Number of protein chains: 2
Amino acid sequence: MKELPKISEAEWEVMKILWSRSPQTANEVIEALEGQMDWKPKTVRTLISRLLQKEAIAFQETGRTYLYYPLVSQDDYVQTETQSFLKRLYGGAVKPLLVHFLREQKLSSDEISELKRILDEKTEEGPDRDRRKDR
Amino acid sequence: MKELPKISEAEWEVMKILWSRSPQTANEVIEALEGQMDWKPKTVRTLISRLLQKEAIAFQETGRTYLYYPLVSQDDYVQTETQSFLKRLYGGAVKPLLVHFLREQKLSSDEISELKRILDEKTEEGPDRDRRKDR
DNA sequence: TTTATTAGACTACACGCGTAATCCAAAAAT
DNA sequence: ATTTTTGGATTACGCGTGTAGTCTAATAAA
């Protein structure tokens, strides 16, 4: 199984652009970040280069310019990062985090209902039944 | 209001030791980390020094040695880090994260009950009632 | 009392990251 | 055809971090 490359915070912004649409040229990415990140074009190009090195993205050559696209999925990323975050701050225990959020954050009643529904589903399945897919 | 100093991952391990009990001497911290972190004593001392510089910890002098103790609370920390993590990965939206966790993680039925109870409380309060404390 | 140990202070050093600038070859403009 | 622009490659540089080692003064040991 592939090791996910570590993506820095600035690089993450670039990834978000490419996850939202791809492939894109460097200039398109630069433009998409404009006004929001206040980075010089060269800075963005550096980030793109580093993402290439890390094999987080790749490109197809089209004439003189490249079209970049992600090699890793945002989902995989969020998943992995969340795991390590959890482990670091909450010792891997999910419940304290959930409690924390449920308590502190403002949620609309719709959201609350949805969360309840999800919890109900889980109750029916039974707590110890492992229903995760293979992998 | 004080700015929380940024604590690196390695430094975090030291903080955990001091949060769990304090004050402690450098040697006590070193010993506490032994076997678990595989760091040379000097490494731990460096981390302690950096935490001092950042004013994340302080010490009382007792003869030749110092007794270190935290200046920031773990709770404040976890809170702040969680906020920025959330913002970075989930665009600040709590619900997607909650859904993600409720779905993916295995929770005992006790835990599920507790979470439901919390959600019920929130429902009763009403979704738009702002019940956070002043600040 | 001379020597060895030790606690803390200071120094080291490579790598990742944020933030670009410079170099070079090819394409576009003149 | 020569000059300018531009995309990508290479280089830069200071700061934080992981991971220690050296220096120094004081204490403990011999």
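What you are looking at is a predicted structure, and each value in this text was computed from that prediction instead of being measured. In what follows, chains are A, B, ... by sequence order, proteins preceding strands, each numbered from 1.
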Within residues 9-35 of chain B, those residues having any heavy atom closer than 4.0 Å to DNA chain D are B:Glu9, B:Ala10
Salt bridge (Lys or Arg N to Asp or Glu O under 4.0 Å) pairs touching residues 85-95 of chain B, sequence neighbours excluded, are A:Glu81-B:Arg88, A:Glu114-B:Lys95
Pairwise side-chain contact, B:Asp120 with A:Lys116, heavy-atom cut-off 4.5 Å (strictly under): yes
Scanning both residues in full, the closest heavy-atom pair of B:Ala56 with B:Ile7 reads CB-CD1, 4.3 Å
- Query: Under 4.5 Å between any side-chain heavy atoms of A:Gln24 and A:Ile17, yes or no?
  - Reply: yes
Just checking B:Thr43: base, sugar-phosphate only, or nothing, at a heavy-atom cut-off of under 4.0 Å?
base
Outermost contacting nts on DNA chain D, any atom under 4.0 Å from chain B heavy atoms, listed 5' then 3', are D:dT17 to D:dT27
Winner on side-chain proximity to A:Leu47, out of C:dA12, C:dA20, C:dG18, is C:dG18
Each nucleotide N or O in nucleotides 21-29 of chain C that has a protein N or O under 3.5 Å away: list the pair and distance.
{"unit_1": "C:dT22", "atom_1": "O4", "unit_2": "A:Lys42", "atom_2": "NZ", "d": "2.6"}

**Prompt:** Do the side chain of B:Glu13 and the main chain of B:Ala10 share a donor and acceptor less than 3.5 angstrom apart?
**Reply:** no
note: A:Ile7, atom CD1; C:dG16, atom P; distance rounded to Å ~ 15 Å
Assess whether a salt bridge exists between A:Glu11 and A:Lys54, defined as any Lys/Arg side-chain N lying under 4.0 Å from an Asp/Glu carboxylate O.
yes
Rounded to the nearest 0.5 angstrom, the CG-CD distance for A:Leu89 and B:Gln79 is 11.0 Å
Whole-Å distance, A:Ile48 CD1 to C:dT19 P, equals 16 Å
Smallest heavy-atom separation, A:Tyr68 atom then A:Thr25 atom, equals CD1-C, 4.2 Å
Residue set satisfying ring pair (Phe, Tyr, Trp, His ring centres under 6.0 Å) with B:Phe85, at least two apart, ordered chain then number -> A:Phe85
* Examine C:dA20: is either OP1 or OP2 under 4.0 Å from a nitrogen or oxygen in the side chain of A:Trp39? Give yes or no. => no
Phosphate OP1/OP2 of C:dA9 contacted by B:Tyr66 side-chain N/O (<4.0 Å):
yes
May I have the list of side-chain donor-acceptor pairs in residues 36-49 of chain B shorter than 3.5 Å, sequence neighbours left out?
{"unit_1": "B:Arg45", "atom_1": "NH2", "unit_2": "B:Asn27", "atom_2": "OD1", "d": "3.4"}
{"unit_1": "B:Thr46", "atom_1": "OG1", "unit_2": "B:Lys42", "atom_2": "O", "d": "3.0"}
{"unit_1": "B:Ser49", "atom_1": "OG", "unit_2": "B:Arg45", "atom_2": "O", "d": "3.1"}

### Message
Taking the side chain as everything from C-beta on, heavy atoms only, tell me whether B:Phe59 gets closer than 4.5 Å to B:Leu52.
### Response
yes
Between CG of B:Leu52 and P of C:dA7 the distance, given in whole Å, is 16 Å
